[in-house]
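Chain naming here is simple, since letters A, B, ... match the order of the sequence lines and numbering starts at 1 in each. The shown structure was predicted, so the numbers you read here are calculated from the model rather than taken from an experiment.
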Amino acid sequence: AQTVTQSQPEMSVQEAETVTLSCTYDTSESDYYLFWYKQPPSRQMILVIRQEAYKQQNATENRFSVNFQKAAKSFSLKISDSQLGDAAMYFCAVNSGNTPLVFGKGTRLSVIA
Amino acid sequence: GAVVSQHPSRVICKSGTSVKIECRSLDFQATTMFWYRQFPKQSLMLMATSNEGSKATYEQGVEKDKFLINHASLTLSTLTVTSAHPEDSSFYICSARESGQGLLPLHFGNGTRLTVT
């Protein structure tokens, strides 16, 4: 079984500042993907960034980057230059093979103007 | 890019009636689709895995006779909530992965907000 733990139910950040959301996971698979999804009030699930477990280099997507520590099974998300539109629920997730995504409980991010 | 269409986006029904939710992959074929349920301020919980041409696989605690899943084609899966009760009120989201794409990310529908009165 795969599990994902997000230990921060809520976080806040000042506009233009940087914030890091934490995520740890557990899986017995050797080949897997890790994801961060954003869910705004519209409830639409938006893929923010993904990381292949076999890649050592941390994934980046514009203002979003991850710190992937495979041995520690840690996968944190860093948001730089935070914008008001970044306010949302953020879910960390893992999957392998043709299995469904397993989600963490989420972190609600507030951005303060 | 790949799009998953989910319909309806909102539905209100009376207790005891049935509601059908459709999930379509618009520009790709999906052998497998997944149905999630999300209660307010909670995470997405997997209900079942829908397999084209075969029976769905339900997660523990999900009643298969209450949540009927049909995946009759490579582009359509339906979830029918039978004899709905107020406790079934929730947000239901489907997702699909393009067939043969291995670990590539799932594409999500926009969800269906079900309210049972």
Whatever's closer than 4.5 Å to a heavy atom in chain B on A/Gln39 counts as side chain
A/Met11 atom CE, neighbour heavy-atom count above 12 within 6.0 Å:
yes
Return the CD to CG distance between B/Glu63 and B/Leu68, rounded to the nearest 0.5 Å.
11.0 Å
Go through the atoms of B/Leu44 and report whether side chain, backbone, both or neither lie under 4.5 Å from a heavy atom of chain A.
both
To check you understand the geometry: which heavy-atom pair defines the closest contact between B/Asp65 and B/Thr82, and what is its length?
O-OG1, 3.2 Å
Just checking, A/Arg43 and B/Phe91: is the charged tip under 6.0 Å from the six-membered ring centre and within 45° of the axis?
yes
Contacting region of A/Phe91 [heavy-atom separation from chain B under 4.5 Å]
side chain
